[in-house]
Amino acid sequence: MSEVVAEVRSLPGPERVDRLASLGGPEATRPKEAPSTGGEFPELEGAERGKVVLRLAPFPSGALHIGHGRMIFINQYYRERYGGKILLVFDDTVGSEEKRVETEFFGLIEEDLRSAGLTPDAVYYKSDRIPLFYPWARRVIDAGAAYVCTCPAETLRANRAAGVACGHRSQTHDATVSEWEKMLGNGYGPGEAVLRLKTDLQDPDPAFRDRVLMRISDLDHPRVGTKYRVWPMLEFSWAVDDIELGVTHVLRGKDLVIEDRMQRYIWDLLGIRGPPFGHWGILRVREAKVSKSKSYREVKSGEYDGWADPRTWSFRSLERRGISMDATRAFVLSFGMSLSDIEVPAETLYAENRKRIDATTVRRAFVADPVRVDVDEYPADLGSVRLANHPDLPALGDRDAPAGPSFYLARRDLVGRAGAEVRLKDLINIHLPDEPVGLAGEVRARFTSRENKRIPRLQWVGTEGAYPVDVLGVEGEHTRGWGEAALAAAQPGQILQFERVGFVRVESDWVPGSNPLRVVYGHP
RNA sequence: GCUCCCGUAGUCUAGUCCGGUCAAGGAUUCGGCGCCUUCGACGCCGUAACGCGGGUUCGAAUCCCGCCGGGAGCACCA
């Protein structure tokens, strides 16, 4: 055996692959399909092609956003890699006063998943499965590993911190059973009794001591109302459902690692072999101060422009900005399965998107915060000019841009340039007046020459045919300005590049011909 | 504080399991040059990293020990 290993190791890498391939087998011919940039994805323990079952468990409290990226794309990646299945299981146990389940998000989340190319193979709702958990709870009780505790929450917590037991822990099995039946039979009110798992009270991790399995809540659940009063805690529900649903691998964020331990502990005491776990660290985009509760508040109040508001950094907002799902996926997968928390600048995502859209995106002139400039001695033959739609790609064609003698120029291009000579890009050079540009009014400039000088080149829009444009920015701000005449032919959903501004996407609901042209800023 | 996890350039990542092919590769950012009259793209060039200290070894990013730093969890939320 070890001789064979030594022999194989002595072979150079490529030859190893060749030799492997010659031996046949499904894995040999496709060693691994690593994403283009970095990102390492290990084999899943014991995974068999076609038999992998994964699950996705979002809590329905908002649209999916960039922070959910790893959950979505990593699970999707492994489904593809092994040809498996993904179950969408809504974790809609009753929640709490602060964390309410809301039905509108079920559909929203499914839509988001579909738009991410992740159509689940099946959809489940935890709230439909509540009765299923009761016999399982009974199994744990019968194994002597659970008890009903009627201590107030504070006492329970204090005991846990101190590592001491309360009187309920030593109840007989019969007493526990009758207490449990009392819980199920409305004998206790919310907060008055819980079913707790017996672990080691001296466990070094205080968080792990005698955790709660089931509790009582009479919150009105939007799907099942007050039909159930005894609800499972997340980790118990998963200890059950990962088995019941035949999940083969649990891939989730590292915030849930303690739940692994809980699930394994329960499985061990029931003599069940459960699936292995995998985790990833938190992904943050530096510019995205994503807060689900803030987004929720602002969307509800109307402060945000729905769940596609750029400030939510939701998937739908990225799409609205012209950032393709493909780019987002590549971006997220480039981080691999690393367990470290990562904070990455949005620029990395933008670069990924730019690669994909640059070659198909036409250039257009846009001037924000416009100042009207009239040019004296303007050449009579320059009523319009022919411009290429893309500087490097003639295939994208060209268009006619109405020019002077009157123009809109951006105020920020004019300030500090009093008395200077500047170039109207692709057109002429002009001399700006010596007086600084005021806040209002017009500017009179003078034509100087046509030659292509290496002087500041400014974006311009001829006043004739200029099209009003409203740009929605990443911070939710609106910028008004003038775009060139060709924008009248823009199409909903089209991605454009405003020169010296960046990529924008025409709003899907924009009606061609209506004023102003509404676009959403994507990125530089 | 307790538990677990993680430390490779400005940022992200490959390499760590199984020490040599790593005087550390890729992506992004930044700087320079060229070219294209643009945000930018492309080409070429450049800056820049194994957290610190010991140990093992002919040889350490990789193994061992100790520090230091960062993160997550510590709910009758999910």
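Per chain, numbering begins at 1; letters A, B, ... match sequence-line order.
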Nucleotide B:U13, atom C1' - distance to CH2 of A:Trp280 in whole Å:
18 Å

On a whole-Å scale, what distance lies between the P atoms belonging to B:U13 and B:A72?
16 Å

Nearest-Å distance for atom pair CG/C1', residues A:Leu156 and B:C74
13 Å

Check: A:Arg223/A:Ser127 side-chain N/O donor and acceptor closer than 3.5 Å
yes

Given that both distances must come in under 3.5 Å, which nucleotide forms a Watson-Crick or G-U wobble pair with B:C63?
B:G55

How would you label the contact of A:Ser61 with the nucleic acid (heavy atoms, under 4.0 Å): base, sugar-phosphate, or nothing?
nothing

Given that both distances must come in under 3.5 Å, which nucleotide forms a Watson-Crick or G-U wobble pair with B:G7?
B:C68

Side-chain touch A:Leu113/A:Leu88, heavy atoms, less than 4.5 angstrom
yes

Between B:A78, B:U28, B:U37, spot the one nearest the side chain of A:Asp255, thanks.
B:A78

Verify the ring-centre separation between A:Tyr77 and A:Phe41: is it less than 6.0 angstrom?
yes

Any donor-acceptor pair under 3.5 Å joining the side chain of A:Glu259 to the base of B:A78?
yes

We want to know whether A:Asp220 and A:Thr226 form a side-chain donor-acceptor pair, criterion being a heavy-atom distance below 3.5 angstrom.
no

If we take the C1' atom in both B:G59 and B:C12, what is their distance in whole Å?
31 Å

The answer to which of A:Val257 and A:Arg70 contacts RNA chain B further toward the 5' end, by nearest nucleotide, is A:Val257

Any A:Ser338 side-chain N or O less than 4.0 Å from OP1/OP2 of B:U13:
yes

Please determine whether a side-chain nitrogen or oxygen atom of A:Thr93 lies at a distance below 4.0 Å from atom OP1 or OP2 of B:A78.
yes

Over 12 non-hydrogen atoms of neighbours within 6.0 angstrom of CD in A:Glu343
yes

Euclidean distance, atom OH of residue A:Tyr350 to atom C1' of B:C12 [Å, nearest integer]
16 Å

For B:C42, does OP1 or OP2 lie under 4.0 Å from any side-chain N or O of A:Arg354?
no

Quick one: the side chain of A:Arg286 and the base of B:U11, do they pair up donor-acceptor inside 3.5 Å?
no

I'd like to know if the side chain of A:Tyr188 reaches the main chain of A:Glu179, judged simply by a donor and an acceptor atom lying under 3.5 Å from each other, with no hydrogens or angles considered.
no

Out of B:C76, B:A78, B:G73, which has the shortest distance to the side chain of A:Ile258?
B:G73

With a non-hydrogen cut-off below 4.0 angstrom, is A:Ala351 in contact with a base, only sugar-phosphate, or nothing?
sugar-phosphate

Could you check how far CH2 of A:Trp231 sits from P of B:A75, rounded to whole Å?
22 Å

Between B:G66 and B:C30 - P atom distance, rounded Å
43 Å

Starting at NZ of A:Lys254 and ending at P of B:G70, how long is that distance when rounded to a whole Å?
14 Å

For a quick check of understanding: with a heavy-atom distance under 4.0 Å over all strands, which category does A:Ile282 fall into, base, sugar-phosphate or nothing?
sugar-phosphate

Nucleotide nearest A:Leu256 (side chain, heavy atoms from C-beta), chosen from B:G40, B:A75, B:A78
B:A78

Mind checking if A:Asp91 touches a base, just sugar-phosphate, or nothing, with heavy atoms under 4.0 Å?
sugar-phosphate

Ignoring hydrogens and angles, state whether a donor on the side chain of A:Trp460 or A:Glu484 is under 3.5 Å from an acceptor on the partner side chain.
no

Considering every strand and a 4.0 Å limit on heavy-atom distances, what is the contact class for A:Leu339: base, sugar-phosphate, or nothing?
sugar-phosphate

Looking at OG1 of A:Thr93 and NE2 of A:His221, how far apart are the two atoms once the value is rounded to the nearest 0.5 Å?
7.0 Å

Take the protein atom NE2 of A:His221 and the nucleotide atom C1' of B:A78, then report the distance between them rounded to whole Å.
12 Å

For the P atoms, the ones on B:C68 and on B:G53, what distance do you get once it is rounded to whole angstrom?
15 Å

Touch check for A:Gly502, heavy atoms < 4.0 angstrom, all strands: base, sugar-phosphate only, or nothing?
base

Base, sugar-phosphate, or nothing for A:Ser217, non-hydrogen atoms under 4.0 angstrom?
nothing

NA contact type, A:Arg364, heavy-atom cut-off 4.0 Å: base, sugar-phosphate, or nothing?
nothing

To the nearest angstrom, how far is A:Arg329 atom CZ from B:A27 atom P?
21 Å

At under 4.0 Å between heavy atoms, what does A:Arg261 touch on the DNA or RNA strands: base, sugar-phosphate, or nothing?
nothing

With sugar-phosphate meaning primed atoms plus P, OP1 and OP2, does A:Arg196 contact a base, only sugar-phosphate, or nothing at under 4.0 Å between heavy atoms?
nothing

Rounded to whole angstrom, note down the P distance from B:U37 over to B:G15.
43 Å

Separation of atom CZ in A:Phe73 from atom P in B:C12, rounded to whole Å:
20 Å

Who pairs with B:C42 - Watson-Crick or G-U, where each distance is under 3.5 Å
B:G34

Tell me which nucleotide, if any, is Watson-Crick or G-U wobble paired with B:C74 when both distances must be under 3.5 Å.
B:G1

Using heavy atoms to find the nearest nucleotide of RNA chain B for A:Ile342 and A:Cys151 separately, return the residue whose nucleotide is more 5′.
A:Ile342

With the side chain defined as heavy atoms from C-beta on, A:Arg160 is closest, among B:U13, B:A75, B:A78, to B:A75

Would you mind classifying the nucleic acid contact of A:Met233 as base, sugar-phosphate or nothing, using non-hydrogen atoms under 4.0 angstrom?
sugar-phosphate

Would you measure the distance from the P atom in B:A24 across to the matching atom in B:C50 and give it in whole Å?
11 Å

From B:U3, B:C76, B:U13, nucleotide with atom closest to A:Ser340 side chain:
B:U13

Is A:Pro60 touching bases, backbone alone, or none of the nucleic acid, heavy atoms closer than 4.0 Å?
nothing

Of the listed nucleotides (B:U28, B:A72, B:C12), which one gets closest to any side-chain atom of A:Phe335?
B:C12

For B:C64 and B:U56, measure between their P atoms and round to the nearest Å.
15 Å

Polar contact flag, side-chain donor to acceptor under 3.5 angstrom, A:His168-A:Thr150
yes

